[in-house]
Every structure is written in C-alpha cells, then in structure tokens.
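Below is one structure, written out as structure tokens, with a few remarks after it.
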Amino acid sequence: MKKKALIFGITGQDGSYLAEFLLKKNYIVHGVKRRSSSINTGRLDHIYQEPHVKKRTLILHYGDITDSLSVTRLIKEIKPNEIYNLAAQSHVQVSFESPEYTANADALGALRILEAIRFNKLEKKTKFYQAGTSELFGLNEKTPQNEKTLFHPASPYGVAKLYAHWITINYRQAYNIFACNGILFNHESPRRGETFVTQKIIQALCKIKLKKQKTLYLGNLYSKRDWGHAKDFVRAMWLMLQQKKPQDFVISTENQTSVKNFVNIVAKKLKLKIKWRGKGINEKAIDETGKTIIACHTSYYRPLEVNNLLGDSRKARKQLKWKPKFNLDELISDMISSELSGYY
Ligand code: NAP
Ligand code: GDD
C-alpha cells in the first residue's frame, strides 16, 4: 500500500519541492491550499504534467491552518501516515505588522494539527513534522547554533514558532506522537517568495542588467545568514520522519554570508561592476557610470534585527546521513538562471 502524506503549506516554496520529492518516493500526496482571489498553485501546476503523476497521486484540498474544523476534518478523512506542517505566515518583517494573525497561524496552527491527530486517535499511525526555524535563536548571537543553543526569538514570527516548537515536544512526550521539529536555517530556490532578500536581490539585479529597473532598495546589509537550497532541506524533513524515534534536528549548510556579500556575488555573476559608497542608511552601490543602482531605505529595516545566524548541523549529518548537495555559489547560479529563463 502506498503511504499517504498530508502537506499543510503545499503551495509554498518548500511545500512544492516536498510534494515533488514524496511523489518520486511513490507517496500519495494530499495538500491543503487556501482559497485566494487569484490562483496560488503556480509552484505546483507543472507537477501534473509529469508522467509519474498521471493517476490521482497529488490531491489538493481547500482548508486553512487557522480553521480547526477544516484541519480536523481533513486529517480524519485522509488518515495520513505523515503530516508536514509547513503552513505559516513566514515573513519575519510582516509578523511585526500582523502579530496576532502570525501567532494564530504559526503557533496555534501546529497545535490544531497535533490535537486533530489525538482527537482522531491517530497517535500510532500518523507522524508529524513541524517547520521550525533558526529565527528561534534570534538575539542569541553565539554561533554556530545547534539543538542545544538557547532560544531568544526576536520577532512575533520567532515567538510564534517557539510555541509551535514546544507544543510539538509536549505532544510527543505526553501522547507518544511521532513528532519532530526541524530547526531549519534559511533556504532559498528559484521558487523563493519575491519579498525575501535573496530572491529580491536576484530579480532586481537581473532587471537592472536588462535595463528594466533602475534601483534596488534594501534594508540591513550587514545581517548574516546561513543560506542553503530548499531542495536539500525538504529531503531532511522526510529523513526525520523515517528514523526509529522522533527527535529534533538543526539543518544548515554551516556556511555564512552577509546580505552585502550576497549582493556582490550576484552582481559579479551578472557582470555588473558595482562600487560601494557611504555608510548606514546612506550606503549605496554605484555602477560604472556613477548611477546608484542599490540604495538603503528605512522601510526595509525591522524593529528588531537578527544579525547572526550560522548553523551547526552535525547531529543531522551523523544521524540522518544528510548533507547539502548545493553550495551558495550553486544556489545563486540556479536562482539566476531560472530568473533569466523565466522558468522555475
Ligand atoms: P512560504 O513559501 O511562505 O510558504 C508558506 C505556505 O504556508 C504557503 O503554502 C502558504 O499559502 C501557506 N499558508 C500561509 N498561511 C496559511 C494558512 N492560514 N492556512 C494554510 N496555509 C497557509 O514558506 P516556505 O519558505 O516554503 O517555508 C515553509 C515553512 O518553513 C514555513 O512554516 C516557514 O515558516 C518555515 N521555515 C522556512 C525557512 C526558509 O528559509 N524558507 C526556514 C525555516 C523555517 P499561500 O501560498 O496561499 O500563501
Ligand atoms: N526581506 C528583506 N527585504 N530582507 C532584507 C532586506 C529587504 O529588502 N534588506 C535587508 N534584509 C535583511 C533582513 O533584515 C534579514 O536580516 C535578512 O536580510 C534576511 O531576510 P529575509 O530574506 O526576509 O529572511 P529572514 O532571515 O528574515 O527569514 C527567513 O528565514 C527564516 C529562517 O532563519 C524566512 O524564510 C523565515 O520564514 C525563516 O524562518
């Protein structure tokens, strides 16, 4: 019998790669999509064209992680072997603008799924993956960060994810649910949302190169992130649910780069010659003709910043036998070539 997976957040970056990954492993994949005024399945539509997805192996349902009834009903009807909770308001800066909604979706969303597993008496059948984040480390700048590093979240998003992290552990301990937290560092891809900094930089510099845009506006150029490829990271999610016992794992590339250096790498790959001038909010990059092509703008600074993220993923590398296939250079090349070809 084929295994059944249920993915909350299937229309997002990770959800789409995870769906592809599980379909290749012969799962029947159920996914939850939200009703929206314009079509939100753009990251999935190509899957239906692939030969191994001919029969009804990818099934989408309407639902919402903030709606207990839909969550409970879907879990009751599908009785999945594995549930992946990737659904979230996932933008850190937006969480300062919509803190209550972020808490409802990102914190209580995990609780709703766990409680539905229990309510439907699926504790022995259904394994649960919770999409945790390196944002949990927040203001704790002691790097590298691993499973034993103290959490100090620095945004409504981080605080909501802290609740989800602990409720996952609580249900594992109280009800013996096979529930795991992945503490994933930043991961990107051609399917990355356009308002996250990597995709924003790549799309803007490609347009500037093609003379379709004049200036890219950014916020803090000096925060450092450990950026990997989403394709590698969804493999780790699945591996966590295939272990003998449920545990939590940090997933990271173990390499760190600043936003400014990320810009420099992209510019170099696109053969855009830039020179940096000024400091703080007045820092900018000019091109060979002296035109400003990158500038800072206050609207992209956050009320509180996470400056320094670098993961220590030795536990995952040892126990899951996981390691990333993409390095930063390959990730950026993949994103640039997809952007220039207009295809992902
Ligand atoms: P993403 O592209 O923003 O996808 C988020 C998904 O959640 C989308 O499918 C979105 O639906 C869905 N969603 C949002 N609110 C929902 C709601 N109320 N009910 C149901 N679905 C809802 O994020 P991602 O980068 O794939 O990340 C996946 C998960 O991993 C998120 O939980 C994120 O917080 C976490 N995470 C991400 C990273 C990273 O670097 N990418 C690192 C650590 C943890 P729509 O398509 O309709 O918006
Ligand atoms: N988005 C954005 N836009 N970020 C900018 C900009 C800008 O114009 N300019 C500078 N930054 C800085 C942010 O202040 C932050 O320090 C860094 O670039 C990365 O920002 P994002 O790409 O928005 O990602 P994030 O690190 O805040 O959050 C992502 O990674 C988390 C894991 O650490 C998201 O995917 C979260 O969902 C995820 O949990």
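Please read all numbers here as calculations on a predicted model, not as lab measurements. Ligands are counted one by one from 1 in listed order, and the atoms in each one are counted from 1 as well.
A distance of 6.0 Å or more separates the ring centres of Phe326 and Trp227.
Set against the non-hydrogen atoms of Thr133, the atoms of ligand 1 under 4.0 Å away are 43 (C), 44 (C). Taking a cut-off of under 4.0 Å to the non-hydrogen atoms of Ala131, the atoms of ligand 1 that pass are 29 (C), 30 (O), 32 (O), 35 (C). Applying the 4.0 Å criterion to heavy atoms of Tyr300 picks out, from ligand 2, the atoms 8 (O). Distances below 4.0 Å separate heavy atoms of Val92 from the following atoms of ligand 2: 27 (O), 28 (O). Close approach of ligand 2 to Lys200 (heavy-atom distance below 4.0 Å) involves ligand atoms 7 (C), 8 (O). Within ligand 2, counting atoms from 1 as listed, the ones closer than 4.0 Å to a heavy atom of His91 are 1 (N). Annotation for ligand 2: atoms under 4.0 Å from non-hydrogen atoms of Arg192 are 29 (C), 34 (C), 35 (O). Residue Leu309 approaches ligand 2 through these ligand atoms, each under 4.0 Å from one of its heavy atoms: 33 (O). In the vicinity of Asn186, heavy-atom distances shorter than 4.0 Å reach the ligand 1 atoms 40 (O). Less than 4.0 angstrom separates some heavy atom of Gly219 from each of these atoms of ligand 2: 6 (C), 8 (O), 9 (N), 10 (C). Near Ser134, the atoms of ligand 2 lying under 4.0 angstrom from a non-hydrogen atom of the residue are 32 (C), 33 (O). Applying the 4.0 Å criterion to heavy atoms of Ser90 picks out, from ligand 1, the atoms 1 (P), 3 (O), 23 (O), 33 (C), 34 (O). Which parts of ligand 1 touch Gly9 is read off a 4.0 Å heavy-atom cut-off, strictly below it: atoms 6 (C), 7 (O), 9 (O), 12 (C).
Side-chain heavy atoms closer than 4.5 Å link hydrophobic residues (I, L, V, M, F, W, Y) into clusters, and following such links, possibly through other members, connects Leu111 to Ile65.
Between His297 and Tyr217, the angle of the ring planes goes over 60°, which puts this pair in the perpendicular group of the 30/60° scheme. Phe151 and His165 have perpendicular rings, their planes meeting at more than 60° on a 0 to 90° scale where under 30° would count as parallel.
Distances from atom 35 (C) of ligand 1 to the heavy atoms of Tyr101, Tyr157, Phe185, Tyr62 show the closest one on Tyr157. Evaluated by nearest non-hydrogen atom to atom 19 (N) of ligand 1, the leading choice among Leu184, Ile65, Leu309 is Ile65. Of the candidates Arg191, Arg192, Glu188, it is Arg192 that places a heavy atom closest to atom 41 (N) of ligand 1. Closest to atom 14 (C) of ligand 1 by heavy atom, among Ala87, Ala88, Gly63, is Ala88. Ranked by closest heavy atom to atom 23 (O) of ligand 2, the top entry among Arg225, Arg302, Glu305, Glu194 is Arg302.
Lys245 forms no cation-pi arrangement with Phe178, by the criterion of a distance under 6.0 Å to the ring centre and an angle within 45° of the ring axis. Relative to the six-membered ring of Tyr17, Lys231 misses at least one condition, a distance below 6.0 Å or an angle of at most 45° to the axis.
Note on ligand 2: Tyr301 sits outside its first shell, no heavy atom being nearer than 4.0 Å. Put simply, part of Leu86 is less than 4.0 Å from ligand 1, judged by heavy atoms. Ligand 1 does not have Gly109 within reach: every non-hydrogen atom of the residue lies 4.0 Å or more from it.
To the nearest 0.5 angstrom, Lys269 atom NZ is 6.5 Å from Ile332 atom CD1. Here the CD1 atom belonging to Ile208 is positioned 6.5 Å from the OG1 atom belonging to Thr215, to the nearest 0.5 angstrom.
Under the 3.5 Å distance criterion, with hydrogens and angles disregarded, no donor-acceptor pair is assigned to the side chains of Thr102 and Asp106.
Judged by distance alone, the side chain of Asp312 and the main-chain N or O of Arg314 form a donor-acceptor pair under 3.5 Å.
Among Arg225, Gln145, Glu135, the single residue meeting the side chain to side chain contact (heavy atoms under 4.5 Å, CB included) criterion with Phe185 is Gln145. In summary, of the residues considered (Asp226, Asn308, Thr143), a side chain to side chain donor-acceptor pair (under 3.5 Å) with Gln256 occurs for Asn308 alone.
Looking at every heavy atom in both residues, Leu272 comes nearest to Leu205 through CD1-O, 3.8 Å.
If you look at Arg34 next to ligand 1, the close heavy atoms, those under 4.0 Å, all belong to the side chain. Residue contacts with ligand 1, taken as heavy atom pairs separated by less than 4.0 Å, do not involve Glu135 at all.
Atom 11 (N) of ligand 2 has as its closest protein heavy atom Val197 CG2, 3.8 Å.
Residue Thr198 has no N or O atom closer than 3.5 Å to an N or O atom of ligand 2.
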